[in-house]
Amino acid sequence: MKVAVLVSGVCKTSHPLGDLNKFNKRQQRFFPGADFYYATWKSFKDELDEIEDAVHTWYYDEPDPHYHPYLGVPVDAHVSPHF
């Protein structure tokens with residue numbers, strides 16, 4: 001059976017808490033021989049291009065949401081009490 005690792009979302013290569021280069025190298029140790037696939041917004045293409053193993057990559061236009069994910073929800077339904 002072949003393993004695939006799928007990474008999607010905002011891809012940062014220089015963030016101290018989520019450096020994608022460090023993440024990628026660590027995951028390749030845990031999943032040797034696995035295929036890695038990436039999906040992110042087109043605005044992060046330059047950052048993802050810094051990863052030499054990011055061969056299978058898809059870029060999408062970032063949507064322009066016409067709503068606020070919290071303000072339209074009743075207060076008692078919020079997931080975080082810190083909002």
Side-chain angles (χ1 to χ4, degrees):
M1 176 181 358
K2 187 79 173 172
V3 174
V5 178
L6 313 174
V7 181
S8 68
V10 175
C11 296
K12 291 286 199 177
T13 56
S14 58
H15 193 277
L17 297 176
D19 187 326
L20 193 56
N21 277 316
K22 290 179 184 176
F23 168 83
N24 195 40
K25 288 176 184 170
R26 186 179 72 220
Q27 296 305 320
Q28 286 182 354
R29 280 193 320 237
F30 293 142
F31 300 103
D35 293 329
F36 285 76
Y37 297 89
Y38 301 88
T40 189
W41 309 130
K42 288 180 180 176
S43 59
F44 290 97
K45 184 177 187 326
D46 292 340
E47 295 219 29
L48 203 54
D49 283 346
E50 293 179 22
I51 299 174
E52 55 191 56
D53 296 326
V55 180
H56 308 290
T57 306
W58 287 265
Y59 301 100
Y60 299 96
D61 291 328
E62 190 167 356
D64 184 20
H66 301 287
Y67 63 92
H68 192 281
Y70 290 112
L71 297 180
V73 178
V75 174
D76 59 341
H78 285 199
V79 176
S80 173
H82 304 290
F83 177 72

Those residues that, when tested against D64, pass salt bridge (charged side-chain N to carboxylate O under 4.0 Å, His left out) (two or more places apart)
none
Closest non-hydrogen atoms of F31 and F36, given as atom of the first, atom of the second and distance, are O-CE1, 4.4 Å
Just verifying a value: how many Å separate W41 CH2 and Y60 OH, rounded to the nearest 0.5 Å?
10.0 Å
With side chains defined as the heavy atoms from C-beta onward, is the minimum distance between Y37 and V7 less than 4.5 Å?
no
Can you name the closest pair of heavy atoms from E62 and S43 and give their distance?
OE1-OG, 3.9 Å
Side-chain touch T57/Y59, heavy atoms, less than 4.5 angstrom:
yes
